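Structure first, commentary second.
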There are 2 protein chains.
Amino acid sequence: MVAIWLALWSLNGPLEHWQTNVKPAVKSTWRLQSDIVRCILRHKELGKRRTLRASELLYNQGDESRHFYFVESGLIEVSIIKIDGTEVVLELMGAGTICGEGAAFDKLPRFSRAAATVPSVVIEFATGDLMNAFREDGEFAMTLLEVACLKQRILASRLEHMTYREPASRLMELFERLAEVDPSSEMTVSLTHEQIASMTGTSRVTVTRTLQKLREEGKIGFDGGKLILRREDD
Amino acid sequence: MVAIWLALWSLNGPLEHWQTNVKPAVKSTWRLQSDIVRCILRHKELGKRRTLRASELLYNQGDESRHFYFVESGLIEVSIIKIDGTEVVLELMGAGTICGEGAAFDKLPRFSRAAATVPSVVIEFATGDLMNAFREDGEFAMTLLEVACLKQRILASRLEHMTYREPASRLMELFERLAEVDPSSEMTVSLTHEQIASMTGTSRVTVTRTLQKLREEGKIGFDGGKLILRREDD
DNA sequence: ATGGGGCTGTATCGCAGGATACGGTGGTTG
DNA sequence: CAACCACCGTATCCTGCGATACAGCCCCAT
């Protein structure tokens with residue numbers, strides 16, 4: 001049994017009082033292990049600190065850039081704008097995560113955009129400055145590889161679950177992934193049905209419908225605004 | 001206008017004679033730039049060569065392993081077996097590509113399986129042996145990062161297109177990606193409708209139907225067994 | 001020569017999810 | 001306090017995909 005705080009705006013009833021308190025908290029869909037963070041911070045003097053206002057763009061899809069970012073505080077939404085104008089939310093990167101390394105290292109235009117959703121502080125690294133650091137600290141290269149490969153894993157897993165047509169499977173994948181971000185502590189995630197729809201490739205209406213159905217089937221439960229996953233391996 | 005050789009078993013007619021000749025050729029959905037390949041081959045004495053029989057398993061989903069592989073010749077199918085038993089084909093990795101680095105570097109169990117579809121030769125590297133090489137040759141670390149990030153890009157792109165519900169968009173994404181593997185030369189890709197279905201998350205019947213429709217709409221064409229993409233940017 | 005297996009082509013049926021619309025509720029802004 | 005906005009809940013309609021079944025074709029093994 002895993003509990004994740006899903007601050008949905010209103011779940012079959014009026015807003016609970018605490019929800020308005022929770023909203024401004026930082027809610028990320030990602031976290032890195034502390035040893036990875038420590039290894040990266042060992043080299044923070046290679047980068048330079050940047051502060052972002054709410055809704056400020058960090059980088060845009062199509063840009064050419066060799067920069068990547070360590071998020072020190074705040075929340076960065078990474079997404080892809082499709083040709084038809086709709087948005088696919090890839091991740092909400094919170095403090096202690098890395099973003100933008102994909103296009104920085106493969107030297108091709110950005111395949112996603114990143115924008116701060118709340119005032120944020122990031123450390124900007126340039127790939128060209130890393131070669132010396134790699135020579136002195138091979139661990140650093142290993143750590144960056146580890147991060148890149150972790151993202152591969154998440155993307156592959158999401159891809160796998162996208163081949164299921166039933167929205168229920170897609171939503172459960174999202175919730176289980178959120179629960180894995182930090183299974184020990186209770187973290188809060190604030191998503192609208194619209195955002196869930198955009199992350200799972202369904203429609204807003206279907207998210208509402210599916211959440212109802214999942215609750216009726218007992219696969220998820222709501223306690224106040226807290227979403228509870230019921231898993232086989234209890 | 002881009003042409004890719006898609007050796008479909010039979011396209012509205014009897015098998016063309018040349019198709020039976022083409023079949024044994026190596027048909028991969030991936031290729032790396034030659035400078036990347038050269039950089040990796042500089043360190044090939046770190047790895048050891050392994051030969052695989054047809055349908056031999058290289059690694060299995062769930063395994064714990066710090067090994068990754070450079071494909072010297074042959075063809076490796078990388079796929080995920082879903083809980084319901086169905087298979088999602090991620091890639092067909094041909095000569096000059098890398099596979100298995102995802103789980104090798106992030107130190108978690110394999111999220112995919114890899115099996116040779118034809119007799120193949122791979123070079124097996126262990127991540128633990130790389131630290132020294134990274135110190136001597138920072139470029140090596142950069143190149144591995146580039147490969148890992150390229151895969152991120154492909155996976156993100158596939159994820160993006162999976163959010164489209166129409167099978168037509170999903171198929172076109174696959175074809176365009178295949179065409180990009182090597183736009184200059186004409187490469188052959190041999191896929192059954194079943195495999196296409198498994199790569200795009202639709203059913204076999206729908207693939208057949210959609211191919212018909214795309215041809216009627218003029219978005220693709222067939223010349224013998226060669227599939228021709230008609231793009232806007234002609 | 002013959003039968004079996006793998007693949008494509010096609011038809012039918014049922015149903016789930018997208019599109020759309022509208023109402024309700026709470027928060028926000030001035 | 002009032003008007004507006006963002007979000008959730010729900011109903012209706014309809015398209016289009018999945019499941020299933022079957023036929024035809026080619027290749028290959030025996």
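None of these values were measured; they are calculated from a predicted model. Below, read A as the first sequence line, B as the second, and so on, with proteins coming before strands; counting in each chain starts at 1.
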Starting at atom [atom1] of [X], determine the distance to atom [atom2] of [N], rounded to an integer number of angstrom.
| X | N | atom1 | atom2 | value |
| --- | --- | --- | --- | --- |
| A/Met162 | C/dG17 | CE | P | 14 Å |
| B/Arg170 | D/dG16 | CZ | P | 15 Å |
| A/Glu194 | C/dA19 | CD | C1' | 13 Å |
| A/Gln195 | D/dA6 | CD | C1' | 12 Å |
| B/Ile196 | C/dG6 | CD1 | C1' | 16 Å |
| B/Tyr164 | D/dT15 | OH | P | 23 Å |
| B/Arg215 | C/dT8 | CZ | P | 14 Å |
| B/Gln212 | C/dG9 | CD | P | 6 Å |

task: Confirm from the modelled atom types if B/Arg204 and C/dG9 form a donor-acceptor pair under 3.5 Å, side chain to base only.
output: yes
Nucleotide nearest [X] (side chain, heavy atoms from C-beta), chosen from [options]:
| X | options | value |
| --- | --- | --- |
| B/Pro167 | D/dC17, C/dG18, C/dA11 | D/dC17 |
| A/His193 | C/dC7, C/dG18, D/dC8 | D/dC8 |
| A/Thr208 | C/dG9, D/dG9, C/dC7 | D/dG9 |

- prompt: Is there a donor-acceptor contact under 3.5 Å from the side chain of A/Arg158 to the main chain of A/Leu90?
  reply: yes
query: Quick one: is D/dC17 close enough that its OP1 or OP2 comes under 4.0 Å of any side-chain N or O from B/Ser203?
result: no
SB check A/Glu101 A/Lys151 (cutoff 4.0 Å): yes
- prompt: Are any of the side-chain nitrogens in A/Glu72 or A/Arg49 under 4.0 Å away from the carboxylate oxygens of its partner?
  reply: yes
- prompt: Which part of the nucleic acid, if any, lies within reach of B/Arg209 when heavy atoms closer than 4.0 Å are counted: base, sugar-phosphate only, or nothing?
  reply: base
message: If the condition is side-chain hydrogen bond (donor to acceptor under 3.5 Å, both in side chains), which residues does A/Arg153 pass it with, not counting sequence neighbours?
response: B/Asp106
query: By side-chain hydrogen bond (donor to acceptor under 3.5 Å, both in side chains), which residues pair with A/Glu217, not counting sequence neighbours?
result: A/Lys219
task: Select from A/Val205 and A/Arg165 the residue whose nearest nucleotide in DNA chain C is closer to the 5' end of that strand.
output: A/Arg165
query: Can B/Arg110 and B/Ser65 be counted as having a side-chain donor-acceptor contact under 3.5 angstrom?
result: yes
- request: Take the C1' atoms of the five end pairs on each side of the helix from C/dA1-D/dT30 to C/dG30-D/dC1, get both axes, and report the angle to 10 degrees.
  value: 40°
statement: Scanning both residues in full, the closest heavy-atom pair of B/Ala95 with B/Ser73 reads CB-CA, 4.0 Å
